[in-house]
Amino acid sequence: MSAVVLGGVLVAATLAACGGEGSRNSGGGAAAGKDDGKIVMGFSQVGAESGWRTANTKSVQDSAREAGIELKFSDAQQKQENQIKAIRTFISQKVDIIAFSPVVESGWDTVLKEAKDAGIPVILTDRAVDSPDKTLYKTFIGSDFVVEGTKAGEWVKKEFASAAGPVNMVELQGNTGAAPAIDRKEGFASVLGSDPKFKMLASQPGDFTRVKGKEVMEAFLRANKDIDLLYAHNDDMGLGAIEAIEAAGKKPGVDIKIVTVDAVKDGMQALADGKINFIVECSPLLGPQLMELAKKVVAGETVPERVLTEETTFTQEQAKAALPDRKY
């Protein structure tokens, strides 16, 4: 659904594979006994914590098959140590290229340097790392999470523009230390943080899961009698929160306004039903763009340092119109 935008002036060096100018990686799958020219990619996924992640995994797997790329897939189950172990396994298997969506932002320099020293290029997908050494990976493809948070905050500001008294808000964050959790919180706060009318009563991690979203929202409701708005960093946490709100005898979308991020099918249905009020899209369909970038990197072609996905937002009526053709 989303197109790749190579917007702005992108400074990109020629990212040649380390086996020589324009050649396949000397440490990769081809040199390890595969002479058919087929690219071997090691891919480490965060986990399967949400409908978004499931759709993202399917996109990567389907796109690899369609592109003729052999995929070695690993599910980290939301644990950084599992991802580091997987990346080291890929290095020992001498794959041609490694791609991964990091569980958290920090703590990657050592293993990424190991991949670089082995001559295996790395692509970051969906989430960034905070390493100051940008040579440890070739490119990063994904959304701008700060912009997503900003869009959510702008909707809230407009929705409550005529409210006289305080607007009491609660926030369900993603995993502690994860790039989307940090950035979506930052973007939201940048719009509303300086306005005294908007009061953040509580902000806690819901780990991007429906179960945890419900659990934390139950705690929010016990501690705060008057909540006007819930901001959830993804649809699944918002859907879990809806269960808690309904169990407390309140009407989601009416008694408590809800804004979320992702726009997966279940979230869009809740938006169409009026239980969610606004969704900021974050497309999981990164597979085709990832495979295209991987082929270019392995071939030694120039690629942008940053590739953004183009996304939109949805109101109730827009969700109703989009649902019949929604692919995830």
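Just so you know, these numbers use all the heavy atoms, side chains as well, and skip hydrogens, waters and symmetry mates.
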Is any NZ, NE, NH1 or NH2 atom of the basic residue among [X] and [Y] found under 4.0 Å from an Asp or Glu carboxylate oxygen of the other?
X: Glu292; Y: Lys296; value: yes
X: Arg53; Y: Asp236; value: no
X: Asp255; Y: Lys251; value: no
X: Lys212; Y: Glu49; value: no
X: Glu305; Y: Lys134; value: no

Checklist line | Polar side-chain atom of Asn277 near backbone of Gly253 as donor-acceptor pair, under 3.5 Å | finding: yes

Note to self: Closer than 3.5 angstrom, by distance alone: can the side chain of Glu281 be matched with the main-chain N or O of Asp262 as a donor-acceptor pair?
What the structure shows: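 Answer holds: no.
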
Note to self: Looking only at the side chains, is there a donor atom on one of Thr315 and Glu317 sitting less than 3.5 Å from an acceptor on the other?
What the structure shows: no

Note to self: I'd like to check the side-chain hydrogen bond (donor to acceptor under 3.5 Å, both in side chains) partners of Gln78; sequence neighbours left out, ordered by chain and number.
What the structure shows: Asn175

Margin query: Give me each pair satisfying side-chain hydrogen bond (donor to acceptor under 3.5 Å, both in side chains) with a member in residues 189-203, each pair once, sequence neighbours excluded.
Written below: Glu171-Ser203, Gln173-Ser203, Lys185-Ser203

Margin query: Using a 6.0 Å distance limit plus a 45 degree cone around the ring axis, check whether Arg88 lies over the aromatic ring of Phe90.
Written below: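 Verdict for Phe90: no cation-pi partner in Arg88.
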
If you look at every heavy atom in [X] and [Y], which pair is closest and at what distance?
X: Val46; Y: Gln83; answer: N-NE2, 4.0 Å
X: Ala263; Y: Arg326; answer: O-NH2, 2.9 Å
X: Ala202; Y: Phe220; answer: CB-CE2, 3.4 Å
X: Arg127; Y: Pro102; answer: CD-O, 3.0 Å

Note to self: Here's a test for you: under side-chain hydrogen bond (donor to acceptor under 3.5 Å, both in side chains), which of Asp75, Thr54, Asn56 qualifies with Gln45?
What the structure shows: Asn56

Notebook entry, point to check: Can you list the steps and then say if Ser44 with Ser74 is a side chain to side chain donor-acceptor pair (under 3.5 Å)?
Noted result: CA-CA 5 Å; Ser44 177; Ser74 175; 4.7 Å; no

Margin query: For Ile97 and Val297: C-alpha separation, side-chain torsions, deciding distance, then whether side-chain contact (heavy atoms from CB on, under 4.5 Å) applies.
Written below: CA-CA 8 Å; Ile97 191 163; Val297 169; 3.9 Å; yes

Check: Is the shortest heavy-atom distance from the side chain of Leu286 to the side chain of Ser63 under 4.5 Å?
Finding: no

Notebook entry, point to check: Given a cutoff of under 4.5 Å between side-chain heavy atoms of I, L, V, M, F, W and Y, with clusters grown through shared members, what are the other residues clustered with Val191?
Noted result: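 Noted: Val191 shares its cluster with Trp155, Val156, Phe160, Val167, Met169, Phe188, Leu192, Phe198, Met200, Leu229, Tyr231, Val259, Val261, Phe278, Val280.
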
